[in-house]
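Just passing along the structure, written as structure tokens.
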Number of protein chains: 2
Amino acid sequence: MQKFIYLFGGTKNEGNAGMKNLLGGKGANLAEMGTLGIPVPPGFTITTEMCTYYYANKKKYPQGFQESVLKAVSYVEKETGMKFGDTANPLLFSVRSGARSSMPGMMETVLNVGLTTKTREGLARKTSNPRFVYDSHRRLIQMYSDVVMEKAAGLEPAEGKGIRQQLEKEMHKMKVAKGYKLDTDLTAEDLRQLIEIYKAKVKEVLGVAFPDDPVKQLMGAIGAVFSSWNGRRAISYRRIEGIPDEWGTAVNVQAMVFGNMGDTSATGVAFTRSPSTGDQHFYGEWLPNAQGEDVVAGIRTPNPINETTRSELSKGLPSLEKAMAKTYKELDAIQRRLEKHYRDMLDIEFTIQEGRLWMLQCRVGKRNGPAAVKMAVDMCKEKMITKEEAVMRVSPSQLDELLHPILDPAAEAATAPIAKGLPAGPGGACGQIVFSAADAVAWAKEGKKVILVREETNPEDIEGMRAAVAVLTARGGMTSHAALVARGWGKCCIVGAGALHIDYASRVMTVDGRSFKEGDSFSMNGSKGYVYEGTLPMKKAAEENPDFNAFMKLCDQIRTIGVRTNADTPDDASRARAFGAEGIGLFRIEHMFYGKGSEEPLFKLRKMIVSGNEKERRSALAELFPHCKSDIKGTLKAMNGLPVTIRTMDPPLHEFIPTREEEREKLAQSMSISAEEFNKRADSLHESNPMMGHRGVRLGVTYPEITEMQVRAIFEAAAELTREGKKPLPEIMIPVVCVETELKNQLAIVEKVYGEVLAKFKMKKIPYLFGTMIEIPRATLVADRIASIAQFFSYGTNDLTQMSFGFSRDDVGGFLNDYIEKKIIPEDPFATIDKDGVGRLVKVGIDLGRGMRPDLKVGVCGEHGGDPASVKFFARAGMNYVSCSPFRVPIARLAAAQVAVEIAKEKAAAAKPVAAKSKAKKPAPKKGKK
Amino acid sequence: MQKFIYLFGGTKNEGNAGMKNLLGGKGANLAEMGTLGIPVPPGFTITTEMCTYYYANKKKYPQGFQESVLKAVSYVEKETGMKFGDTANPLLFSVRSGARSSMPGMMETVLNVGLTTKTREGLARKTSNPRFVYDSHRRLIQMYSDVVMEKAAGLEPAEGKGIRQQLEKEMHKMKVAKGYKLDTDLTAEDLRQLIEIYKAKVKEVLGVAFPDDPVKQLMGAIGAVFSSWNGRRAISYRRIEGIPDEWGTAVNVQAMVFGNMGDTSATGVAFTRSPSTGDQHFYGEWLPNAQGEDVVAGIRTPNPINETTRSELSKGLPSLEKAMAKTYKELDAIQRRLEKHYRDMLDIEFTIQEGRLWMLQCRVGKRNGPAAVKMAVDMCKEKMITKEEAVMRVSPSQLDELLHPILDPAAEAATAPIAKGLPAGPGGACGQIVFSAADAVAWAKEGKKVILVREETNPEDIEGMRAAVAVLTARGGMTSHAALVARGWGKCCIVGAGALHIDYASRVMTVDGRSFKEGDSFSMNGSKGYVYEGTLPMKKAAEENPDFNAFMKLCDQIRTIGVRTNADTPDDASRARAFGAEGIGLFRIEHMFYGKGSEEPLFKLRKMIVSGNEKERRSALAELFPHCKSDIKGTLKAMNGLPVTIRTMDPPLHEFIPTREEEREKLAQSMSISAEEFNKRADSLHESNPMMGHRGVRLGVTYPEITEMQVRAIFEAAAELTREGKKPLPEIMIPVVCVETELKNQLAIVEKVYGEVLAKFKMKKIPYLFGTMIEIPRATLVADRIASIAQFFSYGTNDLTQMSFGFSRDDVGGFLNDYIEKKIIPEDPFATIDKDGVGRLVKVGIDLGRGMRPDLKVGVCGEHGGDPASVKFFARAGMNYVSCSPFRVPIARLAAAQVAVEIAKEKAAAAKPVAAKSKAKKPAPKKGKK
């Protein structure tokens, strides 16, 4: 028979920390500790492969399985000197789950297995504590009848009718009858009686007697743990965490040790460093005369493990360091040794039974963002880990925690969201809701924190969005107007919260039948997309953090692709440079007109858009020119010496037409046309599907004068800066290209204007590149021809995703959540690049493009440029850089570093001889192991 | 030196009919006739390669070129017994262009080259006709000074100031002075004087003397012909006809023969069969004592060539058959021999000089649609050509002529269009314009022919569109609503005529500043996209035409891919079956609700769309079910034994919301909801980009009950028909799929309902297929996974084009014309598939799909299925069938046959040994050549 059982603790430790897939995390680490000679109660692990077998064979075990279990039991008997089922010196077991990755509380545990009417008497004698033994027996029956006899048997009693509740009712009855208040008031004799009542109740309710046989109990408990792998909670946890169903759980059967055997016994949990700050102190909690669950349950305030980490709350409580000085020293030595061995911060569990220390668990500890960054940096300094390892130790979302204030996670956990939407802008925010941009501005002026709530936003809302602390919309996807703008500012934003119904007229919003009016307070978690009623407490963003800067330096040393930013104003550019951006990957000319203090430039842009003929248009363009040039110049200057990719205008025309009558009239007047004529022109700009309409290069082709003005602004700005001794590096980028002739057409304009500007400034050369966005699916398919003209490609993966899927980013909210819930698609393709589809087009385009022009520079400037999984994909696809919102720049730098490490690892693995690879199942002991 | 000159006529014929690329059509055919021993005035052809050389070398010839020309001249001298520049027996030349494909009238010709003050006297003596000789001399000066000295020199005189006009003025002056009315009143002496006046004028105006030297004249004329290849007219003709600039023209220098040397001389043009009917009669026109241009110029009514083909117009005129019986017989024998030799209807030109017949030209004759079909069928019957050749003899647009009434081409040629748009529905129509669907219906009821003019159409306009003889819109592309519907009905339609500005309120439309009011008459050519003012004469569609049917049979014998139709009602299905459709490739469930006599089903569909929850929706669906089932049943019945691909609903939701208040109220009432609630729901259906919104399978995923109802209708209809002894073959097609999981989701519904229907009808099996539309770019990239579930693919190339280009088909009108004019794209990609981009996706999808499922059935059901070039592409890409509008079915059958012939030819060519291929430049003589 295949080896399904691995011994640990004592003399035999058949597993090791590298065998998590087979033994689960807990089992693998118990064996590892055993090997290190650290005291671990002996036991054995039944493999995850047995779990797989169990489910593949209708919940049956292979022949001879029970015999193998009993053989392992006798190993434990030998190691402990106790005997399973013995009346004098009975061995008891804990039976626990243990999957590859931790699923805390999601599966079942059965303690005290082996306690029967016979064995309990021996134990009572041995411990001289009959009350403790009867209580343990009572607990076993209560737990076992629930977990093994009811749940694992697939029974589903009505609410409140479960066996556990019925047994608890019996205990309650007895307490009432005897006039007791607390469980602990029950005497040993009371408990003995209660056990009999329990047994009768179990028989009555479940129709089966509680097994008074140790082996039956053990086999039942093992089956219950395996069964709990497919319990409802476990399944839904796996869904959320993305853990595959086929992994299965291992089962750890371990000799029970008791922390509740009097004052020389204790139990505790600890971390080798602080999981919330990363400080290098042994940190933990303990309780004397208690079992493990008592520490976790939070009924008793736990004691501090040592004097150093004593908190406000545990001021008057005894530390283990003082209370059990010798054992503490032993424990401290073990934790130090373990951290060094594992080369990471560990989360450990221990029990002290009558003065003897036992380690029950050790695993890599969970940590928050700031702690993760600090520990990575510290451990690297301590030479405990390499810089590559340091970089892999921080997840992008942990890094993101450092960049934004967030809702207090504890407060959030205790509150149910009133609505959910797409997490469009990160961090948390609290404020009063308003329903118009004008109100947002007005209220903010009064010093109020406001959340702007809209069906969807458009450029007219910009001022209000800027004034608000957060933006919430009922419609739109991850790349809708609101999402794009908010993310660009690093502002908390949730979009597509479909449950919201806003009545602008009455300034009331309804959600699931509940009404909220203007001024009501809301809290938002923009990283998750949750909206809460009321004001939740907040946690500040880590301020100027030296660890953060040190960590980012490590990332920069490792990553191989560049990180630029999307910025539309000189201010944005400066901020992004501070965040480490190595250039601007997307400067959108039309965005410079949004949200300016003065409305003047936007007014002029609108005039240009509603021009009726070339003459009017040229005159409007002439008015726009100085604004355009000055913003471009400011940005080129801010990025002095770094490249700035300037995209020619791609304004969604109809969005720029004001909707308010008075603004329309003002525009009409300034153009000396009638309101009627104005409305006619405005209407003619209406398009059924503007995303696929007259936009981008299409405007440049039909109205060459628009391209001309912009290109002139770019060249003149660059020429003036050069004269001023600066080093501007403009890259002219044409959007929405689908065929190379469009680019040829625009290049002719660029070259003409270039010549004119050179002549005007009496210069010989202005360095610049001419390239294109690749955002139309067709462009990827003819990228070779396009690369014959373009010197660079910048992928616009928002539009590419939009058109490849046929998902309008403004309308996708209507069905995207449904699609993700029904597992039609694994995730929002606007958030993380769709590798199979859109990614394939990206790859095709790069390969064709480089085939034509080997030194073609390729980047991405869609929202995906700031998404870690996407950044990794782009790096592997061979891009030179990614570009993202300023606040995502650090995230992108981290992701770029991580993928560089991953690629190096894969290369190293691929370079290994085949023989080595075939041993993959049993990995070599970790580096640094003694 | 490379061989630039090929002799023909007389004893040496160095070219042949296969050498058109090198010698031009005229030169190649002259050599071919010479080889056949047919009397051709001797001469020589200067090759197109010389034209290329000429332009590549700044309009210079290679060294020794003039010597070669003179050597060829001496060949002609020997053959004719005359001498170039001889005073006694002078040889004169015509110098004509001759490109690969005919460019009638677009390039220059110079006649009588070699006539000088010296040679004319010899000619006058020889012909005893000094007046004729002086007149020829005068014509030479007039033509030569214009074509060679002015045009070829690149001079561009002001309007009316050209040398030709100035010389004509001189002639006019003389006529006035002498009191003459006609040119022919001028005597020989008058002409001699006029020549001197001409010469002086040429010197005065152009500053150069008219060359009185034969060799100078000849070299000048040759240069003028080469120059005319890049004349304005020639260039714009090439643009329109798609002739490449690099082809160049050949020059034919040929001994002059004179049809104007008295009553034994004559000239004529003829066809070996009637070019307008295809009738098998020698058909042509001639004039005694005339030069070639006199016949063509239309100044004199030409005589009929024989008695059989005498027309109303030529009733009293002498036929060549009677007037010159012997020569006619000779000519008739030649034309018979030529037609047999060329195996096609020919267009020939001849001149009779003093009783001697000379052939000046022969080429394959142009013909209209009915003639092309008749000749193809007849020649195949006569075994003159194979059926493969017959099929290649008719172009799709010629076949289309047989299917629709058209505007009289002659009348059209004489009229300028007032507006142009996209040719969305074929054929011609005349009618009075109206601006609303309601008016169209009302006026049509009064028996008026109306043209419905709208900004754009939507489903509410359907009744009006049906009532109108034609539809004209200001907006929209080839696959806009108006275009799709009109084409489906075979109705004349023009869309995207951007110059139109419609004021619905005042019922007036302006075009380029001109106003037209309701009731004004327009004519439309829907095959070209031209709109005319007034009522132009029409030509009827060929009625039941046996030749048409015989021809289609030939096509069907040859083609290898199937042709289905897009039909949405039982009526459409029957009609399409009559047109030869082999099944329905696209039956759109939602279309069955359009344009019904009763509004009831549409009303119910609307109710379903605005349902607020599943219960309401299920109740609306239950009401829709009987309509749905009965239409599906009727269609399956009409197509008994043939497959019917039924697409599940893909309604553009917002389009189905009525805009009129009263209809909205009616709907709200029937649903027992308030008008406010109704409007709220209607508004929530609004999408920014509906083409990429909540549609197709996305509706089926979010509202499974919608799919369920449709699938049940299909299976129940099929079950009932099977019981009635019919053979229904439904194919269920899911639209807008982008990922295989969508299909899996829908298949589960299909299989569930299938089981239920089988149970209900106590049947074991209903044959059906389950497949998908491939219309989303991403779907093509993951077609292998999709094919793991779909049994067939049907490409929706409208949407695929739309999203691959990012061209909204409803908005593309705004820039498409500009794009085509500026040569950004070669043609409308919605009309003809874009091979490089969209086509590549099509191919990728087919290859991936067949890789997964080798027997995957693949078709296309977009508008491209009826476009010949696209059909050919699809056949080559490996599709099993195309599906198109009923009226396009014959076109598709023809295109499918033609591509089969083309592929067979290519295969045969590829199978030839390499040696044969390297001779490709000089093709082997045609099969059947003697």
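Excluded from the calculations below are hydrogen atoms, water molecules and symmetry mates; all remaining heavy atoms, backbone and side chain alike, are included. Just so it is clear: chains get the letters A, B, ... in the order the sequence lines come, proteins before strands, and each one is counted from 1. Owing to the predicted nature of the structure, the values given are computational and were not obtained by experimental measurement.
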- [ ] Give the member of A:Leu781, A:Thr741, A:Asn689 that has the highest number of heavy-atom pairs under 4.5 Å with chain B.
- [x] A:Asn689

TODO: With a 4.5 Å cut-off on heavy-atom pairs, point out which of A:Asp834, A:Val844, A:Asn745, A:Val838 contacts chain B the most.
DONE: A:Asp834

TODO: Please look at A:Glu456 and chain B and tell me whether the side chain, the backbone, both or neither of the residue comes under 4.5 angstrom of a heavy atom of that chain.
DONE: side chain

TODO: Check each atom of B:Val697 against the heavy atoms of chain A and say whether the ones under 4.5 Å are side chain, backbone, both or neither.
DONE: both

Open item on the list: With a 4.5 angstrom heavy-atom cut-off, is it the side chain or the backbone of B:Lys823 that approaches chain A, or both, or neither?
Closed with: backbone

TODO: For A:Thr510 and A:His501, test the side chains for any donor-to-acceptor distance below 3.5 angstrom and give the result as yes or no.
DONE: no

TODO: State, without any angle test, whether A:Thr702 and A:His694 hold a side-chain donor-acceptor pair at a distance under 3.5 Å.
DONE: yes

- [ ] Would you kindly say whether B:Glu742 and A:Tyr819 are connected by a side-chain donor-acceptor distance under 3.5 Å?
- [x] yes

- [ ] Look at the side chain of B:Glu740 and the backbone N and O of B:Ala787, then say whether any donor-acceptor pair between them is shorter than 3.5 Å.
- [x] no

Task: Closest heavy-atom pair and its distance - B:Arg454, B:Phe435 - done: NH1-O, 2.7 Å

Task: Part of A:Asp818 lying under 4.5 Å from any heavy atom of chain B - done: side chain

Task: Side chain, backbone, both or neither of B:Arg698 within contact of chain A (heavy atoms, under 4.5 Å) - done: both

Task: Interchain contact, A:Arg785 with chain B, by part (heavy-atom threshold 4.5 Å) - done: side chain

TODO: Please determine, among A:Gly837, A:Ser684, A:Cys738, A:Ser688, the option with the most heavy-atom pairs under 4.5 Å with chain B.
DONE: A:Ser688

Task: A:Thr772 side-chain N/O to A:Phe793 backbone N/O, donor-acceptor pair under 3.5 Å - done: no

Task: side-chain contact (heavy atoms from CB on, under 4.5 Å) partner of B:Tyr703, chosen from B:Thr707, B:Val701, B:Leu699 - done: B:Leu699

